[in-house]
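Residue numbers count from 1 along this sequence.
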Amino acid sequence: MVNFNGTIVDNTTLISIDNRGYAYGDALFETIKVVDNKILFWEDHYFRLMASMRIMRMEIPMSYTMEFLEKEIKKTLKVNDLSHKSTRVKLMVHRNTGGLYLPQQNTVVFNINVKPLKSAIYNLNTNVYEVDLFKDYYVAPTLLSTLKTNNKAINVVGSIYAKENNLNNCLLLNTNKTIVEALNGNVFLVKNNIIKTPPLLDGCLKGVLRTQLIKIIEKSPEYTLEESTISPFEIQKADELLITNVITGIQPVTKYRKKEFGNSAAQYLLQKLNAQIRLG
């Protein structure tokens, strides 16, 4: 069962062929992890969604408070018997039907769908995880590239490329040929006691877990954070390369071309992240 603008409907319910999220990618989404009916990092998700709606010039309904959307998420979990399990939630907001590129209106509706997850806490995956650069297309470093919109063609094509080349993931480059992010998450590079991640100005997604890890690293006596541009040449000299998102947590990369990586920083950050979740 899914939640379509507050009404619980069967997940086979059809949307209009004129739905703007489908027709033009005129939609935003948040991928959220819920554990035992607790929405992780909900405040960060909510404010990112509201800020993204403003950038997309969507009209934000007065009813879209943190409390209202939280209630709708939990209502959807309950009807799917997932209130006390670990769950992946996708909250999408799209502009109402009408118009071509130019919308007839800026009002919006939301929908929520949920899927169970295997694990509540974030675990360290030590399996082989190989990545390479995806150089067929590039990310334009603009404010729009930092948003979670339905315009994800580069991620789709890049994922197909990764599968065809027996890779677990690929790193995306911007038009300046610097590292932006992975296909499904932000990137952190570790060298000695310095952890670098690309700045938003380079075009990376404003990831919720990225925000959480930045806070953790800034408080850490073990590491120093740098939000700065990462050249592909730096990867060969790095001690670790990490890919992060709210569902997986932290995925250590084990191999990039002939370079192999460790995972000690990943272990340290996962421990801090899980402790924060338990205390929160």
Side-chain angles (χ1 to χ4, degrees), residues 31 88 122-142 144-192 194-210 213-214 217 223 225-270 273:
T31 304
R88 178 193 185 111
Y122 291 120
N123 297 305
L124 181 70
N125 181 4
T126 57
N127 295 331
V128 172
Y129 198 90
E130 186 173 355
V131 306
D132 206 334
L133 303 178
F134 180 61
K135 298 187 288 185
D136 289 2
Y137 306 100
Y138 300 96
V139 175
T142 70
L144 287 178
S145 67
T146 69
L147 309 182
K148 294 200 77 168
T149 73
N150 276 23
N151 294 286
K152 292 295 180 183
I154 190 171
N155 304 75
V156 172
V157 178
S159 296
I160 296 169
Y161 172 88
K163 182 179 180 181
E164 290 174 345
N165 289 275
N166 297 313
L167 299 167
N168 298 96
N169 211 325
C170 283
L171 305 178
L172 298 178
L173 303 169
N174 63 18
T175 50
N176 297 318
K177 309 300 190 296
T178 65
I179 303 293
V180 177
E181 59 198 10
L183 292 167
N184 64 344
N186 290 107
V187 169
F188 288 79
L189 183 149
V190 185
K191 177 65 177 175
N192 298 324
I194 296 174
I195 301 180
K196 292 181 65 174
T197 193
L200 297 180
L201 287 175
D202 282 358
C204 69
L205 179 73
K206 190 178 180 181
V208 165
L209 200 72
R210 174 185 182 274
L213 289 177
I214 285 173
I217 297 166
Y223 295 100
L225 175 75
E226 286 186 10
E227 285 189 75
S228 58
T229 296
I230 297 176
S231 162
F233 300 108
E234 293 182 65
I235 301 175
Q236 299 284 4
K237 300 178 181 180
D239 300 321
E240 295 182 50
L241 186 62
L242 316 176
I243 296 171
T244 68
N245 63 55
V246 293
I247 300 301
T248 303
I250 301 171
Q251 172 60 60
V253 173
T254 61
K255 187 177 181 183
Y256 167 78
R257 298 180 180 177
K258 294 183 179 180
K259 173 69 177 181
E260 296 186 353
F261 303 99
N263 61 21
S264 58
Q267 292 183 54
Y268 173 86
L269 293 173
L270 275 171
L273 185 62

Looking at every non-hydrogen atom in both residues, tell me the closest pair between [X] and [Y] and how far apart they are.
X    : Y    : value
Y161 : L167 : CE2-CD1, 4.2 Å
C170 : A162 : SG-CB, 3.9 Å
R257 : D132 : NE-OD1, 2.9 Å
Y129 : P252 : CB-O, 3.6 Å
T254 : E130 : OG1-N, 4.3 Å
A266 : L242 : CB-CD2, 3.7 Å

What's the spacing between [X] [atom1] and [Y] [atom2] if we round to 0.5 Å?
X    : Y    : atom1 : atom2 : answer
L241 : N263 : CG    : CG    : 12.5 Å
Y256 : L133 : OH    : CG    : 3.5 Å
L171 : I235 : CG    : CD1   : 5.0 Å
N186 : L213 : CG    : CG    : 9.0 Å
Q251 : L270 : CD    : CG    : 9.5 Å
R88  : I247 : CZ    : CD1   : 5.0 Å

- Query: Which residue, L173, I154, V139, forms the side-chain contact (heavy atoms from CB on, under 4.5 Å) with F134?
  - Reply: I154
- Item | Polar side-chain atom of K259 near backbone of K237 as donor-acceptor pair, under 3.5 Å |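 Pair absent, no side-chain N/O of K259 close to backbone of K237.
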- Item | V246 backbone acceptor or donor facing Y122 side chain under 3.5 Å | yes
- Sequence neighbours left out, what passes side chain to side chain contact (heavy atoms under 4.5 Å, CB included) with A265? Give chain and number order. V190, Y223, E240
With a 4.5 Å heavy-atom cut-off, do [X] and [Y] have their side chains touching?
X    : Y    : value
I243 : T248 : no
F188 : L269 : no
V187 : L172 : no
T149 : L144 : no
T31  : N245 : no

- Using 4.0 Å as the upper bound for N to carboxylate O, is an ion pair formed by R210 and E227? yes
- Task: Give the C-alpha distance, both sets of side-chain angles, the deciding distance and a yes or no for side chain to side chain contact (heavy atoms under 4.5 Å, CB included) between E234 and K191.
- Result: CA-CA 9 Å; E234 293 182 65; K191 177 65 177 175; over 6 Å; no
Can you give me every donor-acceptor pair (side chain of residues 174-182, partner residue at least two apart or in another chain, under 3.5 Å) with its distance?
| from | atom 1 | to | atom 2 | distance (Å) |
| --- | --- | --- | --- | --- |
| N174 | OD1 | N176 | N | 2.9 |
| N174 | OD1 | K177 | N | 3.1 |
| N174 | OD1 | T178 | N | 3.1 |
| N174 | OD1 | T178 | OG1 | 3.2 |
| N174 | ND2 | T178 | OG1 | 3.0 |
| N174 | ND2 | D202 | O | 3.0 |
| E181 | OE1 | L205 | N | 2.7 |

- Query: So does K206 have more than 12 non-hydrogen atoms from other groups sitting under 6.0 Å from NZ?
  - Reply: no
